[in-house]
Student: 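Dumping the structure here so I can ask a few things about it.
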Amino acid sequence: MGTFTSKPAGTMRSVVQCCFLVWVIGIGIRFGMYVNAAESGAAAPLVARPPGVEGFLPIGALTSLKYWLLTGQIHPVHPAALVIFLTILLMSLLAKKSFCSWLCPVGTLSEGAHTLGRRLSGRSLRIWPWFDVLLRAIKYLLLLLFVKLIVLDMPAAALGSFLDAPYWAVSDVKMLHFFTRMSVATMAVLAILTLLSLVYRMFWCRYLCPYGALLGLASMLSPFKIRRDPTGCTGCRRCSAACPSRLEVHACATVSSAECTGCLTCVDSCPEAHVLAMRPAFWKQPPAGGFPTLVVLLFMAGIAAGMASGHWRSSLSYADYQRLMPLLPYVSH
Ligand code: SF4
Ligand code: SF4
């Protein structure tokens with residue numbers, strides 16, 4: 001997570017990231033209790049199933065999106081997965097890749113790991129620029145693979161069969177078990193990624209996350225961008241030195257890159273007043289705290305719209321989960 005400093009955006013970002021992480025952990029605990037109740041045959045769960053858990057099903061959400069576009073229907077089994085997916089996509093279209101740097105729990109943990117690594121070792125490694133460019137391509141290739149398999153190749157009939165099948169119904173339980181019943185291979189992969197995150201800033205987000213790649217491409221259309229006023233800029237390059245995405249902020253009038261996460265670290269680093277800002281072209285001086293407020297409001301508005309339109313709660317009942325749980329070993333692979 002972002003380091004607490006006297007920098008206003010950095011502090012705000014750390015607070016937002018921590019609150020969101022706590023919320024996500026709460027969802028995980030509640031869902032774990034719900035699944036435990038269903039597995040143990042309890043007559044009723046102690047807590048209701050939290051629909052937010054479907055935020056961890058982005059590939060299913062992409063399938064659900066295509067199903068919605070083709071049929072006009074939002075599939076009822078895990079509708080919150082689509083609501084969260086669309087909300088995050090909309091956030092990127094309006095407010096850069098802000099989900100990645102302000103809300104995503106994986107990004108928060110990755111930043112936290114790197115801060116810890118830097119404190120322990122006193123330094124942060126940098127990958128050679130040419131290799132960095134090559135590695136960054138991996139996440140776009142992974143995105144391309146998912147788009148080909150789901151958006152291009154999957155026929156409408158197959159989409160319906162996938163979304164109606166027990167595999168999709170219990171995908172949230174399988175995701176829970178991914179974390180709570182880790183295989184040795186999963187543990188080894190997570191350990192390697194954690195080690196890489198300790199020494200390289202945002203290793204997963206920067207090189208491997210296909211979700212971030214999609215949001216980055218969408219974010220290029222965002223009216224909010226980092227804009228630099230060349231008349232007040234002294235060319236000190238502090239903004240570029242601080243940018244976690246290694247962007248040449250000091251050399252751009254407008255940062256349009258898909259790699260900009262909207263973290264505002266560059267804005268915090270600039271010693272000149274009103275030279276760097278995250279703003280649309282038509283808004284010269286947005287209020288301090290305006291962008292973080294927008295990010296949080298956009299997320300809340302997306303979820304509220306899903307709830308208000310009746311596309312938040314799954315059509316699966318507790319009895320359905322109890323019926324499906326014994327099928328888990330047969331639909332896991
Ligand atoms: S350009 Fe600024 S807002 Fe964008 S990633 Fe770099 S530091 Fe963050
Ligand atoms: S930190 Fe500010 S003054 Fe320095 S190069 Fe960047 S925009 Fe210009």
Side-chain angles (χ1 to χ4, degrees), residues 1-3 5-14 16-17 91-104 106-108 110-111 114-115 118 124 126-127 129 132-133 135-136 139 200-207 209 211-281 283-286 288-296 298:
M1 64 201 73
T3 312
T5 65
S6 60
K7 306 291 188 181
T11 304
M12 243 184 284
R13 198 162 72 83
S14 295
V16 173
Q17 283 180 305
M91 284 173 73
S92 303
L93 285 168
L94 295 176
K96 292 301 292 178
K97 253 167 86 170
S98 50
F99 177 77
C100 300
S101 60
W102 289 81
L103 301 180
C104 178
V106 180
T108 302
S110 182
E111 278 194 71
H114 183 257
T115 304
R118 212 179 41 213
S124 161
R126 279 200 155 203
I127 290 174
D132 176 73
V133 172
L135 287 180
R136 266 192 278 153
K139 64 178 182 289
Y200 295 109
R201 201 170 185 178
M202 312 297 294
F203 189 87
W204 165 263
C205 312
R206 188 164 173 73
Y207 302 123
C209 179
Y211 205 171
L214 173 69
L215 302 184
L217 294 177
S219 79
M220 293 175 85
L221 298 173
S222 161
F224 275 85
K225 286 181 169 47
I226 292 290
R227 297 181 199 272
R228 186 177 60 94
D229 175 7
T231 52
C233 174
T234 61
C236 71
R237 300 190 178 206
R238 287 192 201 179
C239 47
S240 304
C243 175
S245 300
R246 296 167 71 172
L247 297 171
E248 298 274 285
V249 185
H250 73 279
C252 317
T254 302
V255 178
S256 303
S257 169
E259 300 291 324
C260 173
T261 62
C263 65
L264 305 187
T265 308
C266 54
V267 178
D268 268 354
S269 311
C270 180
E272 307 300 321
H274 309 306
V275 167
L276 268 189
M278 174 63 91
R279 61 176 181 84
W283 198 355
K284 291 292 175 212
Q285 272 190 29
F291 185 70
T293 308
L294 174 74
V295 170
V296 174
L298 280 174

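The structure presented is a predicted model; accordingly, all values stated were derived computationally and were not measured. As the structure lists them, so they are numbered: ligands from 1, and atoms in each ligand from 1.
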Student: What is the nearest protein non-hydrogen atom to atom 6 (Fe) of ligand 1, stated with its residue, atom name and distance?
Tutor: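 Sorting protein heavy atoms by distance from atom 6 (Fe) of ligand 1 puts Cys243 SG, 2.3 Å first.
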Student: Measure the acute angle between the ring planes of Phe224 and Trp283, then classify it against the limits of 30° and 60° as parallel, tilted or perpendicular.
Tutor: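 Because their plane-to-plane angle is over 60°, the rings of Phe224 and Trp283 count as perpendicular.
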Student: For Lys96, run the side-chain contact (heavy atoms from CB on, under 4.5 Å) check against Cys263, Ser222, Pro223 and tell me which one passes.
Tutor: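 It is Ser222, the one option of Cys263, Ser222, Pro223 that forms the side-chain contact (heavy atoms from CB on, under 4.5 Å) with Lys96.
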Student: Among protein heavy atoms, which lies nearest atom 5 (S) of ligand 1, and at what distance?
Tutor: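 Minimum-distance protein heavy atom for atom 5 (S) of ligand 1 reads Thr261 N, 3.4 Å.
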Student: Tyr200: which residues meet the ring pair (Phe, Tyr, Trp, His ring centres under 6.0 Å) condition with it, sequence neighbours left out?
Tutor: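 Expected list: none.
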Student: Among protein heavy atoms, which sits nearest to atom 4 (Fe) of ligand 1, and what does the distance come to when rounded to 0.1 Å?
Tutor: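 Here the closest protein heavy atom is Cys260 SG, 2.3 Å.
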Student: Show the atoms of ligand 2 that are less than 4.0 angstrom away from any heavy atom in Gly235.
Tutor: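 By the 4.0 Å cutoff, the relevant atoms are 5 (S), 8 (Fe).
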Student: Any carboxylate oxygen within less than 4.0 angstrom of a Lys/Arg side-chain nitrogen, looking at Lys139 and Glu259?
Tutor: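 Answer for the salt bridge query: yes.
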Student: For Arg237, take its heavy atoms, then give the atoms of ligand 2 lying under 4.0 Å from any of them.
Tutor: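 Counting atoms of ligand 2 from 1, those under 4.0 Å from Arg237 are 4 (Fe), 5 (S).
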Student: Considering heavy atoms of the protein only, find what lies nearest to atom 8 (Fe) of ligand 1 and give residue, atom and distance to 0.1 Å.
Tutor: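 Ranking protein heavy atoms by distance from atom 8 (Fe) of ligand 1, first comes Cys263 SG, 2.3 Å.
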Student: Check the pair Arg206, Arg201 against side-chain contact (heavy atoms from CB on, under 4.5 Å), reporting the backbone distance first and the verdict last.
Tutor: CA-CA 8 Å; Arg206 188 164 173 73; Arg201 201 170 185 178; over 6 Å; no
Student: Between Leu264 and ligand 1, which part of the residue brings a heavy atom under 4.0 Å of the ligand: side chain, backbone, both or neither?
Tutor: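 For Leu264, only backbone atoms sit under 4.0 Å from ligand 1.
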Student: At a 4.0 Å threshold, what atoms of ligand 1 neighbour a non-hydrogen atom of Pro244?
Tutor: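 Reading through ligand 1 atom by atom, the close ones are 7 (S).
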Student: Please give me the minimum heavy-atom distance between Gly216 and Ser219, naming the atom from each residue.
Tutor: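 Result for this residue pair: O-OG, 2.7 Å.
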Student: Tell me whether Arg126 is salt-bridged to Asp132, with the criterion being a basic N under 4.0 Å from an acidic carboxylate O.
Tutor: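 No, this pair does not count.
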Student: Determine whether more than 12 heavy atoms belonging to other residues, nucleotides or ligands lie under 6.0 Å from atom CZ of Arg246.
Tutor: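 Yes - once you tally the heavy atoms of other residues, nucleotides and ligands closer than 6.0 Å, there are more than 12.
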Student: List-wise, which protein N, O or S atoms are found short of 2.8 Å from atom 2 (Fe) of ligand 2?
Tutor: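 The answer, once waters are left aside, is Cys270 SG.
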Student: Determine whether Met12 and Leu264 make a side-chain contact, defined as any pair of heavy atoms from C-beta on separated by less than 4.5 Å.
Tutor: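 Met12 vs Leu264: side chains apart.
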Student: Please report the closest heavy-atom contact between Ala9 and Trp102, naming both atoms and the distance.
Tutor: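 Heavy atoms only, the tightest pair is O-CH2, 3.9 Å.
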